[in-house]
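What follows is a short report on a single structure.
Position 1 is the first residue of the sequence, and the numbers go up from there.
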Amino acid sequence: MTITTQTSPLVKAEGITKIFGTGDKEMVALSGLNLEVKEGEFLSLLGPSGCGKSTALNIMGGLLRATEGTITFGGEPMTEPRRQIGMMFQQAVMFPWRTTLENVLLPVEIFGESKKEFKPKAQELLSMVGISEFENSYPWQLSGGMQQRAALARVLLHDPKLLLLDEPFGALDEFTRETMNQELLRLQNYANSTAVLVTHNITEAVFMSDRIAVMSARPGRLVGILEVPFDRPRRPELQTTNDFIKLVAEARSMLELQ
Ligand SMILES: Nc1ncnc2c1ncn2[C@@H]1O[C@H](COP(=O)(O)OP(=O)(O)OP(=O)(O)O)[C@@H](O)[C@H]1O
Ligand SMILES: [Mg+2]
């Protein structure tokens, strides 16, 4: 007798359509998107600018409502932001009048919890992302990369089950971006969380992901899913192997075939 264990997806999006505006200002940003995010995986949403990646991510995070379709998180309808879901955006959202540590503790205040209780954890996370000596500095005293490290610490504070990452290192130079991507993979593994990354960088999508959801230009639809079978941890040298280059070419042709 064979026993098959079926784990239900952490996120399930069915027939998601998002229309912005009304009348002749109406704009279909997403059209009938079906997507499952499996527990523990690293999934990328890859597609051209304006195809609705951020819109899809914001719907998954409960920041936006779909016009049509349903979305569930852990089997329950997504209707509002949850503590179990951490979001990161292209620009680190940091308040200039707060120190790094106070910025990392911001979600604790938003959820009305005790800052004292969370302070040791915030400090541990700042040390994990390599900026503990800056805990009392203000954001303007930090480089862009350091600010994103602080944002990464903040997003991990509540042990999120799901990380939603909207080109979090897009504003950084290529070298810092690669380093931060490595950090992100290390921390995702450490935190045992599931991740969805929005990107329009094909190489980055292949390097980071277990699966890539390739999207079409507006209105955004799912073109197909590409499986990325490489072992983890992944080293930068992987990018020079034939298998890696082949997958990048495959993703590119999926994007171009629309
Ligand atoms: N709040 C909004 N109101 C009106 N239109 C919007 C809104 N948000 C997004 N759009 C439109 O929906 C479409 C998809 O936008 P979205 O930001 O999701 O694209 P994207 O794939 O993330 O693009 P990029 O890669 O440039 O970030 C765009 O045409 C955009 O102008
Ligand atoms: Mg976007």
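Between the side chain of Gln148 and the backbone N or O of Phe89 there is at least one donor-acceptor pair closer than 3.5 Å. Using a distance-only test at 3.5 Å, with no hydrogens or angles considered, a donor-acceptor pair links the side chain of Ser114 to the main chain of Glu117. A donor-acceptor pair under 3.5 Å is absent between the side-chain atoms of Asp166 and the main chain of Val198, judged by distance alone. Side-chain atoms of Thr199 come within 3.5 Å of backbone N or O of Asn201 as a donor-acceptor pair. Judged by distance alone, the side chain of Ser209 and the main-chain N or O of Val206 form no donor-acceptor pair under 3.5 Å. In terms of modelled atom types and a separation under 3.5 Å, the side chain of Ser127 and the main chain of Ser132 share no donor-acceptor contact. A donor-acceptor contact shorter than 3.5 Å links the side chain of Asp210 to the backbone of Phe42. Asn103 places a side-chain N or O within donor-acceptor distance of the main-chain N or O of Arg98, the cut-off being under 3.5 Å.
Note that Arg82 lies outside the cation-pi zone of Phe73, set by a 6.0 Å cut-off to the ring centre and a 45° limit from the axis.
Ionic pairing of Glu167 and Lys53 is not present here: no N-O contact between side-chain nitrogen and carboxylate oxygen is shorter than 4.0 angstrom. The existence of a salt bridge linking Lys121 and Glu124 is excluded, since no basic side-chain nitrogen approaches an acidic carboxylate oxygen closer than 4.0 Å.
Linking ILVMFWY residues whenever their side-chain heavy atoms come closer than 4.5 Å, directly or via other members, places Ile71 and Val196 in the same cluster. Linking Ile, Leu, Val, Met, Phe, Trp and Tyr whenever their side-chain heavy atoms come within less than 4.5 Å puts Leu35 and Leu64 in one cluster. Placement of Val248 and Val228 within a single hydrophobic cluster is found when ILVMFWY residues are connected by side-chain heavy-atom separations under 4.5 Å, directly or transitively. Connection of Leu33 to Ile19 is not established within any shared hydrophobic cluster, with ILVMFWY side chains joined at heavy-atom distances below 4.5 Å, either directly or through further cluster members.
Within the structure, the ring pair (Phe, Tyr, Trp, His ring centres under 6.0 Å) test picks out no pair touching residues 183-216 (sequence neighbours left out).
Atoms CG and NZ, from Leu101 and Lys115 in turn, are 8.5 Å apart once rounded to the nearest 0.5 Å. The distance from atom OG of Ser49 to atom CZ of Arg218, rounded to the nearest 0.5 Å, is 9.5 Å.
Annotation: Asn242, atom CG; neighbour count of heavy atoms from other residues, nucleotides and ligands within 6.0 Å does not exceed 12. Taking a 6.0 Å sphere around CZ of Arg232, one finds it holds more than 12 heavy atoms contributed by other residues, nucleotides or ligands. No more than 12 heavy atoms of other residues, nucleotides or ligands sit less than 6.0 Å from atom CD of Glu174. The environment of Arg252 atom CZ is sparse: at most 12 non-hydrogen atoms of other residues, nucleotides or ligands sit within 6.0 angstrom.
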Could you walk me through whether Tyr138 and Met94 pass the side-chain contact (heavy atoms from CB on, under 4.5 Å) check?
CA-CA 9 Å; Tyr138 290 88; Met94 304 278 270; over 6 Å; no

